[in-house]
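The next block holds one structure in the form of structure tokens; read it before the comments.
Order of the sequence lines sets the chain letters (A, B, ...), proteins ahead of strands, with each chain counted from 1. Model, not experiment: these values are computed from the prediction.
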Amino acid sequence: MPEIGQSVLQVQDLKTVFSTRAGDIHAVNSVSFSLQPGELLGVVGESGSGKSVTMMSLIGLLPMPPAEVRAGTVQFGGRDLLKLEQKQLQALRGRDIGFVFQDPMTSLNPVFTVGFQIMEPLRKHMGMDKSAARRRAVDLLELVGIPDAERRLRDFPHQFSGGMRQRVMIAIALACDPKVLIADEPTTALDVTIQAQILELVKDLRQKLGMSIIWITHDLGVIAGIADRVMVMYGGQVVEYGPVREVFANPAHPYTRALMTTVPSVRGERAPKLNVIEGQPPMLSQHPTACPFRARCTHAFERCARENPARYTVLEGHDAACFWDHTTGEPRNV
Amino acid sequence: MLSYTLRRLAFAVPTVLIISLIVFLMLDMAPGDPTGSLPLTIPLEVREQIRISLGLGEPVMIRYFKWLYMMCVTEPLHIVQGMTGWNIAPEGPRILSWQTRSPVGDIIVQRVPQTLWVVGMGYLFGILIALPIGVISAYRQYSWFDQVGTFVSMIGFSVPTFFTGVVFILIFAVWLGWFPSMYDTTHVVRDWNSFVFQAKQIAMPVAVLALYNASQISRFMRASMLDNLNQDYVRTARAKGLGEKTVVLVHVLRNSMIPVVTVIAIGIPTVFTGAIITEQIFRVNGLGDALIRAIYVSDWPMVQTITFIFAILIVLFNLIADVLYGILDPRIRYD
Ligand SMILES: Nc1ncnc2c1ncn2[C@@H]1O[C@H](COP(=O)(O)OP(=O)(O)O)[C@@H](O)[C@H]1O
Ligand code: SF4
Ligand SMILES: [Mg+2]
């Protein structure tokens, strides 16, 4: 576990459950991680692994009901966010923690101008008057690389392309200089060249503004390019966590190792066919009592069906949740 | 936008003309004419003379164009002259009611205020009740408020107004005696007491219509709100830290109003057509009542005129609804 004292955000044992008509869905199970100042944490995992639900649980963005955060603490700025009142959370969202969502086509309100939507958090959180907010909005649009900012404030979202809209979303999220920016698959809906531009923009903004970033993606290649640390999620749990270099050089969890083989090699020859991991993601109808990955794991043995593996330290700052030892290829002796 | 509106208006004109032709021809071919109700002792030649004096001797197309001219020029100008005192009305024949022998324009001018007051207020109150109910029902979906709202509005629009009207009369006028069962159109508001009487006599017809309209519009409002509450932009608004009030009443409501405003605009002509029955029940002598009476006595000029007015209103408010849609939704581009 990383040092507690200086982290911006410290999540411990977070557990989120949806109560649906078809039964409970244990979407997030005992998730712990921390975020250091200025750090970019990449969160990766296939669709449905609980990445979005984890991040939305932190700041109460899930619809409750059906969602319920059953356990955990989220330390931020000396407070536990899970204990805050609705009003206190509202004061914090968009000011201290900015959020960018996956689909830029639907994430902006179609009937208000982009300017109005950028100015909203400025007026609410920073108490700016209209003209101050407008000036700041122009700066923000310029910051995220939208030309002719002054004029474009009066445009509606549909007058922007997908990539430009995502830039607007980033401008909104950064409007009040947040300490943390959470970007939930911000480039998934965009085509490859635009995706690269947005990644460049974020790298650049990070240099300029120095906030911490949580970047959710299902693309390990993206993580390799921008993240300092990576958190791999599977079945609502953290299965591997560590510095990007270390995890890429030395992946310990069979799921991470399988993910690596699905990443097309950047240099040299293209793999003739993209590797995909065989099998179905797990059902999350109860609290896990066995390893969620066992049905798809090539190393599974009988203990994996009896117990849910805890995270063990692979190397200082690098941990994985598995009973198998990747160095020996044998079950770990614990 | 402006050019779109003008273009739509240009299309509306032929539509209205075709409707006018159909209305005119259908009633012209209908059995029964003004001499039908005269005593049988009147000889045939005299009947024929009466027919000719009423302009019925000419070929049908000539009569149509004469009627159309009077309908679109003479009568409106007479009405304007009557209201403003300007001397603009042309000389020449007017469309005469066969029943009363007075020009239809004059009769309509007398009848419209009653309809507007009673039925228009029913619509207005209906909207004012429906909007908040729809918003709250959607925001608190499946709460007891929503359940009760769903139940009441289901009754509200599945039970026809002539039934609720009679039930209201029975309960509030006959049994409880709170309100008069008949609407007295000659009543004038002069002081507080006469105002109270007016409020009392208008209460029941307005309530019946408001209930009916509110049932429909609140369902629309609720459905539209529900559509929007699940949209991604709502999550964005919350993620920006906006309060629930702003999220719902600014972001969601503004989007939800687009289809609702359209439905309300399209529904305005039904204020007039739907009123026919309610006016009968409460004896409000408005436009609908005039139409029914004219039909009873085969007073075709009157029927033609009122039907044509209804047709124009429907075409006009459809146009208004389209234009409103374009104003409210910035994504719509007509040009
Ligand atoms: N509103 C909801 N109601 C019920 N289940 C949900 C809801 N939102 C997410 N889930 C469940 O939570 C799990 C994790 O979802 P999510 O965090 O969105 O995955 P990811 O972002 O990693 O693709 C999924 O199994 C999904 O079915
Ligand atoms: S715990 Fe067992 S099943 Fe789970 S990933 Fe490790 S080896 Fe595979
Ligand atoms: Mg997601």
Residue-level contacts of residues 123-133 of chain A with chain B, using a heavy-atom cutoff under 4.5 Å: A:Lys124, A:His125

Interface residues of residues 241-258 of chain B facing chain A - non-hydrogen atoms under 4.5 Å apart: B:Gly241, B:Leu242, B:Gly243, B:Glu244, B:Thr246, B:Val250, B:His251, B:Arg254, B:Asn255, B:Ile258

Any B:Arg235 side-chain heavy atom under 4.5 Å of A:Phe101 side chain: yes

Proximity breakdown for A:Leu108 and chain B, heavy-atom pairs closer than 4.5 Å: backbone

Chain A neighbours within residues 306-318 of chain B, where any heavy atom lies under 4.5 Å away: none

Portion of A:Met105 that has a non-hydrogen atom of chain B nearer than 4.5 angstrom: neither

Donor-acceptor under 3.5 Å (B:Thr236 side chain, A:Ser107 main chain): yes

Within 6.0 angstrom of B:Tyr123 OH, more than 12 heavy atoms from elsewhere: yes

Per-residue contacts, residues 134-162 of chain B versus chain A, heavy atoms under 4.5 Å: none

Nearest-0.5 Å distance that lies between atom CZ in A:Phe112 and atom OH in B:Tyr233: 8.5 Å

Closest heavy-atom pair and its distance - B:Pro330, A:Pro110: CG-O, 3.3 Å

Between CD on residue A:Glu120 and NZ on residue B:Lys240, distance to nearest 0.5 Å: 4.0 Å

Separation of B:Asp232 CG from A:Asn109 CG (nearest 0.5 Å): 11.5 Å

